[in-house]
Every structure is written in C-alpha cells, then in structure tokens.
Engineer: 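I'd like to ask you about the structure that follows.
Predicted model only: the values in this text are computed from it and were never measured. Here is the naming used below: chain letters follow the sequence lines, and residue numbers restart at 1 for every chain.
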Amino acid sequence: MSETVAVPASIDTSVPKNYLNHDKSIKSWLLTLDHKRIALLYLVTISIVFLVAGVLALLVRAELFTAGETLMKPDTYNQFFSLHGILMVFLFIVPSVPAIMGNFVMPMQLGAIDVAFPRLNLASYYIYLIGGVLVVTAILAGNIDTGWTFYTPYSARLGSSVIFMTLAVFIAGFSSILTGLNFIVTIHKMRAPGLTWNRLPLFVWSIYATSIVQVLATPVIGITMLLLLLEKTLQIGIFDPALGGDPILFQHFFWFYSHPAVYIMILPAFGIISDLMGVFSRHEVQGYKFVALSSVAIAFLGFLVWGHHMFVSGQSAISSIVFSLITYLIGIPTGVKVLNWVGTMYRGSVSFKTPMLYALSFLFLFTIGGLTGVALGVLGLDIHLHDTYFVVAHFHYVMMGGTVIAAIGGLHYWWPKITGKMYNETMGSIAAVLIFIGFNVTFFTQFVLGTKGMPRRYYDYQIQYEALHQISTVGSWILASGLFLVLFTFIHSLMKGKKAGSNPWGAATLEWTHTASPPSPHNFDEQPIVTHGPYDYHALARVSGDGAAQTSEPELSESRH
Amino acid sequence: MDHASHGHHITPKSLLIKVFGSLILLTILTVAVSRVHLGALNVPVAIAIAVVKMMLVVTVFMAVKWDNKVNALVIGLSALFVSIFLIFTLFDTAYRGDLSNVDRVPISDQQRQQSAEMAPADAGAAASEMPASGH
Amino acid sequence: MDQQFDASKMGMWIFLVTEVLLFSGMFVAYTVYRVWHPETFDLLSGALDWRLGGFNTLVLLGSSFTVAMSIHSIQKSDKKATVMYLVITLICAAAFMVVKYIEYTTKFEHGVFPGAHFAPHGEHYAPFDVPYAPQFFSIYFVMTGIHGVHVLVGMGVIAWIAIRTAKGHFDSQYYTPIELTGLYWHLVDIIWIFLFPLLYLI
Amino acid sequence: MGTFWMPEGASTMSGEVDSLFYLVYWISVVIFIGVVAAMAYFAIKYRRTRESYVPPIVHENRFLEAAMIFIPLILTMVVFTFGFKTYLKMNIAPPTAYTIEAVASQWKWDFTYPNGKQVTGELHVPEGKPVKVHSTSMDVLHSFFIPQFRVKQDVVPNRYSSVWFQATKVDSFDVFCTEYCGTSHSGMLAKVIVHKPEDFEAWLNAGDDRPLDVQGESLFKANSCNTCHSIDGSRIVGPTFKGLFGSSRTFADGTTRTADEDYLRQSIMQPGSEIVESYPNVMPASYGTTLRPDDVTKIIEYIKTLK
Ligand code: HEA
Ligand code: HEA
Ligand code: CUA
Ligand SMILES: [Cu+2]
C-alpha cells in the first residue's frame, strides 16, 4: 500500500479540507473527538476482530471436515469454538453496526455536528479496547473452553483465564452502555430544526431502539459476570449447585441480557436495510410508521422471551409456556418489517447496485433465520432441536445472514461518504453473490444436520453425519473467498477508486444531501433545516441532481463543489 | 429552546426539610413495624414503606416533579424492566418442578429432610414395637 | 448552554437506569432465595444488627438532605453554604463507611464469610449456621459491597465538587456538575432504603 | 429410515413431534416462498430502466398492514397450541413407567436398574413399555438426548430430572450428551438398546460371565477412558495404555515408580495424586466415586493385556 491512501494525488485543492485530511498526525486520530474518526477507529479494530474470529470459524469447520481428529486435539477445538463465539458476539457483532455506522452516519442524519458527548464517545472506544486487551490476556492465560454462554458450574471450575474473560465481557459491556446512552441523548437533543420524530430516517429509529436495549440489558450481563467472578474466586454459592446454589438461575441472568442482545445485533441491521430499500427502490419505505414503531415493539418484546433458551434446562413448565407464547409474538412486528421492505419495491425503481444485492440477500436469509427461530420457539419441537446444529444454523442465518450481510451492504452504501471514493461495482457484486452462495452451502446443511440429531459443540461425531459436514466445510471456503474479495474491493477502492460525488446514490437523507464526500470536520457548513421526510425522492428531484431533499434550501447544495 | 423553566426550579427549603423529616419518621416506622409480628404482612409492609420513601426522594430531592417528563419516563422504564426481570424469573423459580420431569427441591434438601424424618421415625418404630414385644 | 445542561441531565438519568439494572440482578437473587427459603431469611435478618443498619439509614438520609440543600444553596449562589452542605454530606458518608467497616470486621472475626467460607462461631453467630445461611451472607456481602463501592465513588466525586465550588467554579447560572452528583447520590441513598429493610429487618 | 429432515422415529412420541415439525415446516415454506417470490417479482418488474425516473408514491394500505399483523398472529397461536400439547405429553411420564436411575459425570452415563444391576454406557430398555430415566449429575451440567426418540433433558447436579419414552423398535440407538461439559463432551456417548420385553427380563437377570479383561475393555469404552487414552501407543490427552503395565513412570515432581496394580488403581481412583510428567492434571476425579472397586480391577486386567 502506498502512502497516498488517505490523500490521493488527484486531490483538488479548491475542495475544503475534509475530516480525513484536515489533520494527519497520529495523535489527532487517537485522541480525536470527531464522531467520524472514532467510527473509523472502530471500523479498523472491529474488522480485525471479525477477521480473527472468522479464521477461527474456518479452523472449526476444517476440523469438522472428517469425523475424529482432523487437525487438532479436542481441547484446542473447544477453545476455538468458544473464542469464535465470544469474539463474534461480544467484540464484533454487538458493537459493530452501532459503533461504526451509528457513529459515522447517525449524527449526520440528524443534522448534528457531533454526538451529544464526544468525550464519552472516545472513552467508549478505549474501554472497548481494554476489553479487547483482556480477551487477549485470557487467551494467553489459556483454556477458555466454556462456550460463549459461560454456563456454571463448568465455567466456575476452570482456570484463572475465566476471570480475565468475564472481566473482558464486563468491560466491553460498559463500552456498549456508554455508546447507547450517548446515542439516546443525541437523538433526543441534537435533531436539526424541523427534523420531527416522523421524519427521522429509519436507520436512526433503529439505532434509537437498539440503544434503549443496550442501556437496559447490558448492566445485567455486568452483574452476571461479576457474580460469576465472585463464584469463582470466593465460592459465593449463588450459582454453584455443590454449595447449594442454582445453576439454572445463572441461565436466567445470562439470557436476560443475551436474548435482548440478539436484538442489539439485528435492529441496527434492520435500520440499514430500511434505508437501502428506500434508496435503491427510490421509493418511500412502505408503512414508515409501522416499520419505525415495530423496532420499538421488538425491543420491548425482546425482554420477555429469554427463557426460550431454557426449555430443556429444568425450568418450570409455567415459565416455558409463557416464554414460548411471547416468543411467537416477536415474529409479528418483524414480519411487518419484512413485508414492508418487500412492498417498498412495489412500483418503485429498483437498482441492483451492490448494496441492494446485499439487501435482497438479507431478505432471503433473514426470513429463513427468523422462521426457524419461530420453529425453535415451539415447545414440543425445541426439545428435539435444542443444542443441535439446527440452532447453530438458525443463529448464523440471523447473525451472519442477517446482521453481517446488512452491515457489509451498509458499508458499501456509505463507503463513498466515508472515503470519498467509489468501489468497483463488478467486484462488489461478484463478492455479494459468492457470499450468498457460500453462506447457504455452509449453513443450510446444518439445518439438516440438526434435525438429524447432530449435537453442537462436538469435536467428534458419528460417521452418518460426515457427508453433510463436508459440504458445510466446503461452503465455508466459498463464503470466506467472498469475504476476502470484499476486503480486497475496499482496499482496491482506497488505492484506485474513482472520486465519489457528494450523493452518488440519489439518497434523500441529510448525510448525502448536505455534506461533501468525505464530509468536512464539522459535517455541515450551515445548520440544515428539514422540511421533508427522509425518503421523499420527489422533493429531491425538485431540487435537481444531488439536491437537498430533506430541506427546502436548494442553494445549500449548490454551494458545494 | 425554552427549557429555562425547569432547569432553574428552586425547591423551597421548607419542603426539603419536611421531606427529610418524613423520611426519618418512615425509617422509624419501618423499624417499629418489623418489631411487631404481622406474619405474612411483614414483608409487604416493609417494601411498601421503602417504596414511599423512594418516591419522596425521587420526586422532591431529585426534583423529578419539576423536571422534563422524559426523565420521569426513564425512571418508569427502569422500574418496569426490573419488575420484568424479577417476575419472569420467579415464574421459574417459584414454580420449579411443576411437572413431574424435574424435582421441586434439590437433592441436598431431600437428603436433609429424609435424615430429619428418619430420626423420629426410628424412635416411633421402636415405640410401636415395644407393646408388641410386651405381649 | 441550556440544551447542554438538559442533555447532560438526561445522560445522567439514563446512567442511573443502568445502575438500577445492575443492582436488579442482586435483588432478583435475593428474592429467588427468599422465596425458596423464607424461614432461613427470616431468621438471618436477626444476625444483622438493626441498630447499626438503622443508624446508617439515618446518616444516609441526612446526607441526601444535605446534598439537596447544597443544590438549593448554589441555586441562590450561596457558595459558602454549598460547600458547607457538601462537607456535611462527606462526613455522613464517611460515618456510613466506618459503621460498615465495623460490621464487616466483626463478621469476619466470627467466621461469617460469604459462601463456601461461611463458618460462624461465637455466641451471637453460631446459631445461624443453618442451610442456605451462606447464600444469605453472600447476597448480603455482595449487595452491601457493591453499594459501599458506590458510596466511596460518590465521596470522591463530592469531594472534588466541593473543592471546585470553593474555587468558585459554580454559581446559580452554572451548577450542572453539582446537580448530577446530587442525582447520583440520591440513587445510592435509594438503594440503601431498600437494602436496609430487606437485609436487616425482615 | 427417516425423511430428508428427521431421523427415523422409534418412540411413541416421535410421530407426534414429526407432525409438529412438518406443520411448522410447511407454514414456513409457504411464507418463505411468498416473501421471496414477491421480492423477486417486484425487483425484476420494477427494475430501474431510466436513471432519472422517480416513481409515484404508493400510499400505505392500512388494510394490508392489519393483515400483516393478524394472519401471522392466528398462525402462531395455532402452532403454539400444538407445541404446548406435545410438550405436556413429553414431560409427564405415565405413572406406570419403569424407572431407571441415571448418573451423569464427566464423561459417561451410569445406569442403575430397580434390581440393583448397574451398567455404564448402555441403557437397556424393553420395547413397548414406558420407561423413565431419572437422572442427576455428579459434576457439571449434562444433557440426555436420544434423537430417534425425540427426547432431551438437561441433567443438573444436586437436582433430579427425568425423561420418559416408550420405544417402538427393537434396535440400538445413540444417546448424546448435548450440554457442553468439557474436553470429551463429544465423547460422552451411550447406546440405548431396545429388547423384546422377554429378552429384557433375561438380560436384567443375567450376570456377566465374560472374562475380566473383556469386561474391562467394555468398561474402558463405556467410561470414556478411550477419549483420553489410546491403546495403540499414540498420545491423546493422557498417556497411552499400550505397554503401560510394568513400565517405569516419571512424575511431574521428578519422582518415579513402577506401574504395578496398586499404582494403576491409585491413578484411576485419585488421578491428581501423581501427575505423569508432561501431562496436564485434567483426568476427572469423579471416577473415584463412580467406578466400583471390581470395575477398576477389570479395567486393570484389561490394561495388563495391552502389551
Ligand atoms: C441476530 C441474532 C438473532 C435474532 C434476530 C434471532 C431471532 C429469533 N430467534 Fe434466535 N438465537 C440467536 C440469535 C438470534 N435470534 C442465537 C445467537 C441463539 C443461540 C444462542 C446459543 O444457544 O448459543 C438463538 C437461539 C434461539 C432459540 C433457542 C434455541 C435453543 O437453544 O433451543 C430460540 C427459541 O425460541 C430462538 C428464537 C428466535 C425467534 C423467535 C426470533 C425472532 O426474532 C425471529 C423473527 C423473524 C421472523 C419470524 C421472520 C420474518 C417474519 C415473517 C416473514 C412474517 C411471518 C411470520 C410468522 C407467521 C411467524 N432463537
Ligand atoms: C456474529 C456472529 C457470528 C458469525 C458472523 C459467525 C460466522 C461463522 N461461524 Fe459461527 N458461531 C457464533 C457466531 C458467529 N459465527 C456463535 C455465537 C457460536 C456459538 C459458540 C458456542 O457454541 O459457544 C458459533 C458457532 C459456530 C459453529 C459451531 C461450533 C460447534 O458447535 O462445535 C460453527 C461450525 O460450523 C461456526 C461456523 C462459522 C462460520 C464458518 C462462519 C463464517 O461465516 C465466518 C466467515 C468469516 C471469515 C472467513 C472472516 C473473513 C473476514 C475478513 C476477510 C475481514 C473482512 C473485513 C471487512 C468485510 C471489513 N460457528
Ligand atoms: Cu456431558 Cu456434554
Ligand atoms: Cu433468544
């Protein structure tokens, strides 16, 4: 990579300084209070985590290529899948979309110059880093093989590395809480004049719902990890059955956070998809209010269903029944979203740019993931499917097929804004197709494995499962090649990408209509005043080209370039 | 923006003193009540008094009464979610073992119960044998 | 400025929500074990000295009152009174911690430790060696321990705020930090309002 | 032989669970195809042909939005009702069920029959009779799962839990542990062997008259020793048993000792007492309580044969 990455030689000196090049010292990056730069710090760190956790997944799949020992010993395998889960959940997917795209885009969509508490924002990043350092310490201390769920009493009997790992989760949780707190206040207090709740882009709505869940649920994982830590160090006997404690109580504590957490993971993705469907259908998102409020409904209902992870744990039947019943209800607001997204294309003008390809594969994959989630919520059925590969397939369909696919789509969508460069459409679309195919080959087979009874977290398995496991492993290679192509596309764009206009997609939200690509350090030269909805492409057309749809002042956009 | 009104509300000293006085009285009351045996009522009464005390602190000391209503909503939400956590967990723990597939009490308790029953039961068996042998 | 003030206050309230949910885990653990073993918990509240707990309640309520008074004073730009009230608050908090220290050490001396290390001896504590007493004391130590940490943090912040007030950083126009600290301190008080009856009385 | 999805069913519950599965499955397939077909149709029909074209606004249809809420609501409630009924059946054992005690420990299953007979790693049951497996765990969480019977239940230390089933086929099936329990979680297997009722009686009352070392070999597998100890000289988690008997052992603290019968017994009953050099101290201590003394003798006899 040449050093011209950030500042291409072709830079036009008449263009005002942007947030990337106005100050280039390392210090100005590491101590920046600019939400856009903090977003980039997150982007780099979180991508590294994703890469590491993804490579671990590839190793897990490689080991499962044949029954018996393929590459590694059971202890190594157990550590690999645990680390894969822990990294993916706590350090990758929970912070991913809010910390990267929420940070970068949300304040601009609000017409604000920054988040409400910029210092806190930077602090969140460093707290996240400390969490990451602790994870590395735990890995070096060895023997983290609890799975990402840390179930007692097993976890409380392991070596000291569990102490570091629980601390890491505890601290990463704080980062997440502070980000959520910051965003809630920002959305309440920093909206541009005229930007009513009914005119908020749906991405903002979903970040708002996510933040509420983060603030309400994350403290509970904090206290859970603290209690686990004390269980391990002082044997306090709250969860350890040998001391009269109740291991099932631990599961309640864990899932009280971790089920809502799956909505921390998926809601921001919903937001991205809403925006993408609107922009690339050039059409008002159908049922705007329903889509906006269903996020809040999902966030709320998400707190009432955690026990569906415990149907065979030995919890009371009453609670299983209540939890199962409410679990189904979540399908309804989610269905409202899915159907409205599909409806958005109706009589629209659908473009098949790379972000839209991701949005369409999201719809396909997430629907499968969601419907199998509902199947798992069926009491009599979950008894058979619990802790089999059916569950593994379900959650990869929603987390990888849902959140990660949406996040990659969103990254392509906002890439021109973030870097000022276009990426190569052909490479982008090939990668999207590869990922779609690879993903299905990898994980659809796992549904079949699951119904046939293949338990999860198994190093070794019966010979009758081998063929399906091999297909799945081959799929993971296709999937990985697609993801590496994405990485390559982005690096290629940084080095050779064409310069992007301020609004290459013809979007109507403020970050496209009122800022340059890349934006100036303070986002806006003048405070925008909003008069239209976020998907009002007629208003956009009235002010010609990359005009200002969400405001009435066309001269603002003309003063650019 | 016209938030000036609630940003600068000054709570009168007399009100603060009154509330402080009531808090002290309620504390004395809660101790006094706990000394009397109300049976099943002891716990609800103690919690009710604590809730009243909390409301006093929140509304007056924390000035929620004069504050932006969003903040009141925020407090309401936290109370709501704490109750959800509590109630849904109790759905399990209070009814654990309601179907025959799981035992209601842990094994250690079952053993304790057994050994507690064993002792008098043995004595009883011995006693009932006595007249039989006396025949 | 006003918007800034409003924003920080809202941020503080949301932070308090996270604190409440952090403690909620302990309250849930308490309730679950209490529902399972009501007699044990009933008996064990007798192991704690309600006089010490009651004293601490009064001290903490007093400190809450003085914090409220300090805000009242700064709103009238009476900096002297503000500093005085903050200092009284600190003294109350210190008294609270001293009593806690006495309570903890007497328990440790009599082998009353959380969980597995629970081995009570001595006239007062020996009768409490019943099944599930270790759980009660685990919950007691964890709850009061975390609460104590909050008191210590609060003391630090109040001391800092008092110094800044003395230096003249605040007046009736700008006193956000005092107000936010006050909110935090009241929450610490509220938690204790619940801990006291739950642990010492019933 | 089972279907594309479900493995063959072999209990009275399996048919019911399968119909539940297929009910959910077909509803899901229909919804999924509906969503994807509409998506593909709209995407192609309304694809962008003119760059500057701004399509007309489509007003939201309240009727459609309401339908989106109510149709799924009805469907899910139907499914819930079925799932709930099946769940109750699966969890309430008939009072006449034949009860077998099970103890799970890292990483094996011990079963005890009403007449005191004990077996490890093999669950023998009569065909056509309800059987209840009443279980607890010695150490961490485990879970008892028989795919062909569609039953699963976590096994929790310090608490009894149970599953019941009524087998309908004379055959043998896998029992899996489905709650992660450490290194050999995937090796914590057992077989459920369904007999004709009269064969079952015969089995129940028969003693084991095989030679000690042959019985030892079965115990070696049933107790999952084989997940950590090889018999061919290769190193897995623990030392191999090949040529172990009579060899000289060196321990972590530098001391040495000859592997005689006493040493083997001690290594099995108190694994932590002497740690073989360069190996981790991970062998479960629970063997000390779950293995019976004569079982240990049999295993030692077996180890002696591995030259
Ligand atoms: C992004 C993360 C994410 C998301 C969004 C979801 C979404 C859902 N999940 Fe999932 N889930 C996980 C992540 C996620 N899950 C993880 C990580 C685990 C495993 C944890 C572990 O054990 O390690 C898990 C496990 C899990 C279980 C436990 C399985 C077991 O261990 O036995 C259950 C059971 O009920 C469940 C249910 C659901 C449901 C009902 C939804 C719903 O929200 C889905 C709603 C969506 C739809 C329903 C599709 C769209 C709707 C329509 C097209 C309309 C028509 C719909 C109907 C008629 C219903 N999930
Ligand atoms: C976000 C969540 C997430 C994601 C994305 C993934 C992704 C993948 N997972 Fe993972 N998985 C989990 C969360 C996730 N997983 C969890 C929570 C568990 C449970 C753990 C437990 O049981 O405790 C699990 C368990 C799990 C198992 C079960 C193990 C077992 O039970 O024994 C398997 C097996 O196949 C698996 C495979 C994979 C594969 C092949 C991928 C692939 O999709 C990975 C592909 C990724 C890469 C190859 C990296 C490439 C990255 C780059 C090139 C960087 C690109 C940068 C940019 C795009 C900016 N996962
Ligand atoms: Cu036992 Cu897994
Ligand atoms: Cu869930």
Side-chain angles (χ1 to χ4, degrees), chain A residues 112 115-117 119-120 156 170 173-174 176-178 180-191 211-240 242-246 248-250 252-254 256-257 260 303, chain C residues 1-37 40 108 113-119 129-143 145-147 149-150 176 180 187 191:
Chain A
V115 293
F117 309 113
R119 269 170 225 283
L120 195 63
F170 182 76
F174 269 98
S176 167
I177 289 177
L178 295 178
L181 185 156
N182 210 339
F183 286 2
I184 295 179
V185 178
T186 306
I187 295 171
H188 268 274
K189 304 284 176 190
M190 311 272 287
R191 298 193 308 276
S211 303
I212 293 177
V213 183
Q214 273 176 317
V215 164
L216 287 169
T218 319
V220 176
I221 193 75
I223 188 76
T224 309
M225 288 296 131
L226 205 63
L227 287 175
L228 180 57
L229 200 82
L230 294 173
E231 190 74 69
K232 169 137 194 60
T233 47
L234 302 176
Q235 285 91 45
I236 57 172
I238 306 278
F239 301 137
D240 190 345
L243 303 169
D246 186 32
I248 300 172
L249 189 61
F250 175 84
H252 284 294
F253 274 56
F254 182 82
F256 180 85
Y257 165 75
F303 278 93
Chain C
M1 196 76 252
D2 247 1
Q3 196 183 355
Q4 201 57 55
F5 164 77
D6 237 34
S8 7
K9 200 159 166 193
M10 183 174 185
M12 192 64 197
W13 273 110
I14 296 174
F15 177 71
L16 295 187
V17 169
T18 68
E19 290 281 11
V20 170
L21 277 135
L22 186 83
F23 276 99
S24 74
M26 290 314 303
F27 283 104
V28 169
Y30 173 90
T31 317
V32 164
Y33 279 97
R34 181 165 189 113
V35 168
W36 272 336
H37 312 289
T40 310
F108 292 158
F113 291 107
H117 308 289
F118 182 72
D129 196 359
V130 296
Y132 298 103
Q135 268 76 20
F136 176 87
F137 280 103
S138 296
I139 291 170
Y140 165 82
F141 279 115
V142 176
M143 277 180 144
I146 299 180
H147 179 261
V149 170
H150 279 81
T176 312
L180 300 189
L187 183 86
I191 305 265

Engineer: First locate atom CD1 of C/Ile14, then atom CZ of A/Phe183, and finally report the distance between them rounded to the nearest 0.5 Å.
Structural biologist: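 Separation between the atoms: 12.5 Å.
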Engineer: Would you check, one step at a time, whether the test side-chain contact (heavy atoms from CB on, under 4.5 Å) holds for A/His188 with C/Asp6?
Structural biologist: CA-CA 10 Å; A/His188 268 274; C/Asp6 237 34; over 6 Å; no
Engineer: Counting only non-hydrogen atoms closer than 4.5 Å, does A/Leu249 touch chain C with its backbone (N, CA, C, O), its side chain (CB onward), both, or neither?
Structural biologist: side chain
Engineer: Decide yes or no for C/Phe23 and A/Pro219: does some side-chain heavy atom of the first lie under 4.5 Å from some side-chain heavy atom of the second?
Structural biologist: no
Engineer: Given heavy-atom pairs under 4.5 angstrom as the criterion, report whether the side chain, backbone, both or neither of A/Leu243 touches chain C.
Structural biologist: both
Engineer: Taking C/Val17 as the fixed residue, which of A/Leu216, A/Ile212, A/Ile177 is the one that meets the side chain to side chain contact (heavy atoms under 4.5 Å, CB included) rule?
Structural biologist: A/Leu216
Engineer: CE of C/Met26 to CZ of A/Phe253: how many Å apart, nearest 0.5 Å?
Structural biologist: 7.0 Å
Engineer: Going through the checks in order, is the side-chain contact (heavy atoms from CB on, under 4.5 Å) test met by A/Asp246 and C/Trp36?
Structural biologist: CA-CA 11 Å; A/Asp246 186 32; C/Trp36 272 336; 3.1 Å; yes
Engineer: Less than 4.5 Å to any heavy atom of chain A: does that hold for the side chain of C/Thr18, its backbone, both, or neither?
Structural biologist: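 Both backbone and side chain.
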Engineer: So, taking the atom named OG in C/Ser8 and the one named NZ in A/Lys189, what distance separates them when rounded to the nearest 0.5 Å?
Structural biologist: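 One gets 9.5 Å once the value is rounded to the nearest 0.5 Å.
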Engineer: Among A/Asp240, A/Thr186, A/Asn182, A/Val215, single out the residue with the greatest number of heavy-atom pairs under 4.5 Å to chain C.
Structural biologist: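 Heavy-atom pairs under 4.5 Å are most numerous for A/Val215.
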Engineer: Quick check: closest heavy atoms across C/Pro114 and A/Ile236, and the distance to 0.1 Å?
Structural biologist: CB-CG2, 4.2 Å
Engineer: Could you look at A/Leu227 and say if it's the side chain, the backbone, both or neither that has a heavy atom under 4.5 Å from chain C?
Structural biologist: side chain
Engineer: Where on C/Tyr33 is there a heavy atom nearer than 4.5 Å to chain A: the side chain, the backbone, both, or neither?
Structural biologist: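 The answer is the side chain of C/Tyr33.
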Engineer: What's the shortest heavy-atom distance between C/Leu22 and A/Gly222, and which atoms?
Structural biologist: CD1-C, 4.4 Å
Engineer: Is a donor on one side and an acceptor on the other found under 3.5 Å between the side chain of A/Gln235 and the backbone of C/His117?
Structural biologist: no
Engineer: Assess whether side-chain contact (heavy atoms from CB on, under 4.5 Å) is satisfied between A/Leu234 and C/Phe113, documenting all intermediate values.
Structural biologist: CA-CA 9 Å; A/Leu234 302 176; C/Phe113 291 107; over 6 Å; no
Engineer: Hey, could you give me the CH2/CD1 distance between C/Trp13 and A/Ile184, rounded to the nearest 0.5 Å?
Structural biologist: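 Taking CH2 in C/Trp13 and CD1 in A/Ile184, the distance rounds to 15.0 Å.
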Engineer: Apply side-chain contact (heavy atoms from CB on, under 4.5 Å) to residues C/Ile146 and A/Leu226 and explain how you reach the verdict.
Structural biologist: CA-CA 10 Å; C/Ile146 299 180; A/Leu226 205 63; 3.9 Å; yes
Engineer: C/Ser138 and A/Ile238: which non-hydrogen atoms are nearest, and at how many Å?
Structural biologist: CB-CD1, 4.1 Å
